[in-house]
Amino acid sequence: MTDQTHPPEWMFHAFLDDELAAEGRREMEDHLAACPECAARLDELEALFITIESQPQTPLSRDLAPAVLHEIRKTPSVSFRLRWIAGLELVATALLLALVPSLLSESLSSLTVGIRPPLGLSLLALQAWLVRAGGWLALGRGALFPWSSTAPERVELWLWALLPMAALWLLANAVLLRTGRRDSRTTK
Amino acid sequence: MADPPDNDLVQRTRQGDHDAYGALVLRYQTAVFNVCLRLLGNPRAAEDLAQEAFLRGFQRLDSFDNQRPFGPWIRRIATNLCLNHLKRRQPSTMILSEELDRPQSSGETDPVRVLVRSEQARTVREAILALPPHYRAVIELRHFQELSYAEIAETLGISLGDVRTHLYRARKALSRRLKSLD
């Protein structure tokens, strides 16, 4: 920049906002020292900033704290521990939803043996739907579980896997209910 | 006994002491209310949103970095609430009652000076409220909350270039309006 070439308008703003890089700031300072016209423009802009910022605070007509605290105390807060338990429960529920339909389908397949249509056909259709639903929930569309066409001992194995998950789910519910009742008592 | 620092009150709130949060509300309610008032122009709406800002702040207290100052954080929540409010509806009619023009005591005793100051304040407030919401927002964040260009860009979800442009145009509009009212 020289005396003859003035900085662009945005540089005056950035200079006052302290947003110019060191080199730009130095150039600006050198130019302002040598250019009274730009120095006057900067003073005018600075006066505008002072006018804007000299707005006095308007007082509140009421204290907000009582209303805020009343709302906070109405809603019991959920502790970190509870959020973890709720998260684990969600996972257990999702796994149960994915596995149970497929296992039910195994039970149904034994029921359909010897049963004539239309009931047999309906049960087979339900079985197929359950397998697909279970696979879709867990693995995506079209997936099938490995036990879909396996021996009963594999089914028994998966039942043993289900039992702890169901127990975890029930335990998590009990803890949540108990803690929820305790929290709502303490916030009253 | 000195007032406890903000991070102390935040920590106590996290441990279940709701009265500690009440102390934070008392400390910052005027500043937060004024953020909302400058953006909305309506004192009743500003009080409601200021209250809502503190409720949101309480809900998000777990994610607040207690090494940083509480004031700028709660003011930013208030700013975003007000901007969302302005996006959802037409700005409500400005109510510039005499009540609003009464500033907090500045120590000024000369009644003529008090009146002049009050008129100037009203003029500037009207000029800011006459700006479109996105210009009002950058003026609020830069001049009253002292955020950097990068912080303004992050708060509003716009580019740095847009921040510079908005500020430049907002200030130009304010300058023109204030000169025309002189």
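Throughout, a chain's letter reflects where its sequence line sits, starting with A, and its residues are numbered from 1.
- Contacts between residues 65-72 of chain B and chain A, defined by a heavy-atom separation under 4.5 Å, are made by no residue at all.
- Between the CZ atom of A:Arg73 and the CG atom of B:Asp19 there is a distance of 5.0 Å, given to the nearest 0.5 Å.
- Only the side chain of A:Leu48 comes within contact range of chain B, with at least one heavy atom under 4.5 Å from a heavy atom of that chain.
- Closest approach of A:Leu64 to B:Ala50, counting heavy atoms only: CD1-CB, 3.7 Å.
- Looking only at distances, no side-chain donor or acceptor of B:Gln51 sits under 3.5 Å from a matching main-chain atom of A:Val68.
- Only the side chain of A:Leu69 comes within less than 4.5 Å of a heavy atom in chain B; its backbone stays farther off.
- Of the atoms belonging to A:Phe12, not a single heavy atom falls under 4.5 Å from chain B.
- Under the 4.5 Å side-chain heavy-atom criterion for ILVMFWY residues, no single connected hydrophobic cluster contains both B:Leu61 and B:Leu26.
- In this structure, B:Phe58 CZ and A:Glu71 CD are separated by 11.5 Å, a value rounded to the nearest 0.5 Å.
- The 12-atom threshold is exceeded at CD of B:Gln15, counting heavy atoms of other residues, nucleotides or ligands nearer than 6.0 Å.
- The two residues B:Asn34 and A:Pro56 come nearest to each other via the heavy atoms OD1-O, 4.3 Å.
- Note that the CD1 atom of A:Ile52 and the NE2 atom of B:His143 stand 4.0 Å from one another [nearest 0.5 Å].
- Residue contact with chain A, scored on non-hydrogen atoms closer than 4.5 Å, is absent for B:Ala23.
- Atom CZ of B:Arg27 has more than 12 heavy atoms from other residues, nucleotides or ligands within 6.0 Å.
- Heavy atoms of B:Ile139 lying under 4.5 Å from chain A belong exclusively to its side chain.
- When each of B:Glu47, B:Lys172, B:Arg38, B:Gln120 is scored by its heavy-atom pairs under 4.5 Å with chain A, the top score falls to B:Glu47.
- Interface residues of residues 148-163 of chain B toward chain A, defined by a heavy-atom distance below 4.5 Å and sorted by number: B:Ser148, B:Tyr149.
- Counting only heavy atoms from C-beta outward, the side chains of B:Arg164 and A:His13 never approach each other to under 4.5 Å.
- Between the CD atom in B:Gln29 and the CZ atom in A:Arg62 there is a gap of 9.0 Å [rounded to 0.5 Å].
- Of all heavy-atom pairs between B:Thr30 and A:Leu60, the closest is N-CD1, 4.1 Å.
- Salt bridge absent: A:Glu19 and B:Arg142 never bring a charged side-chain N and a carboxylate O closer than 4.0 Å.
- Between A:Phe49 and B:Arg171, the closest side-chain pair of non-hydrogen atoms falls below 4.5 Å.
- Rounding to the nearest 0.5 angstrom, the gap separating the CG atom in B:Leu147 from the CG atom in A:Asp17 is 11.5 Å.
- At a 4.5 Å heavy-atom cutoff, the contact between B:Tyr168 and chain A is made by backbone and side-chain atoms alike.
- Distance check: B:Leu167 CG to A:Leu16 CG gives 11.5 Å after rounding to the nearest 0.5 Å.
- Atom CD of A:Glu44 has 12 or fewer heavy atoms from other residues, nucleotides or ligands within 6.0 Å.
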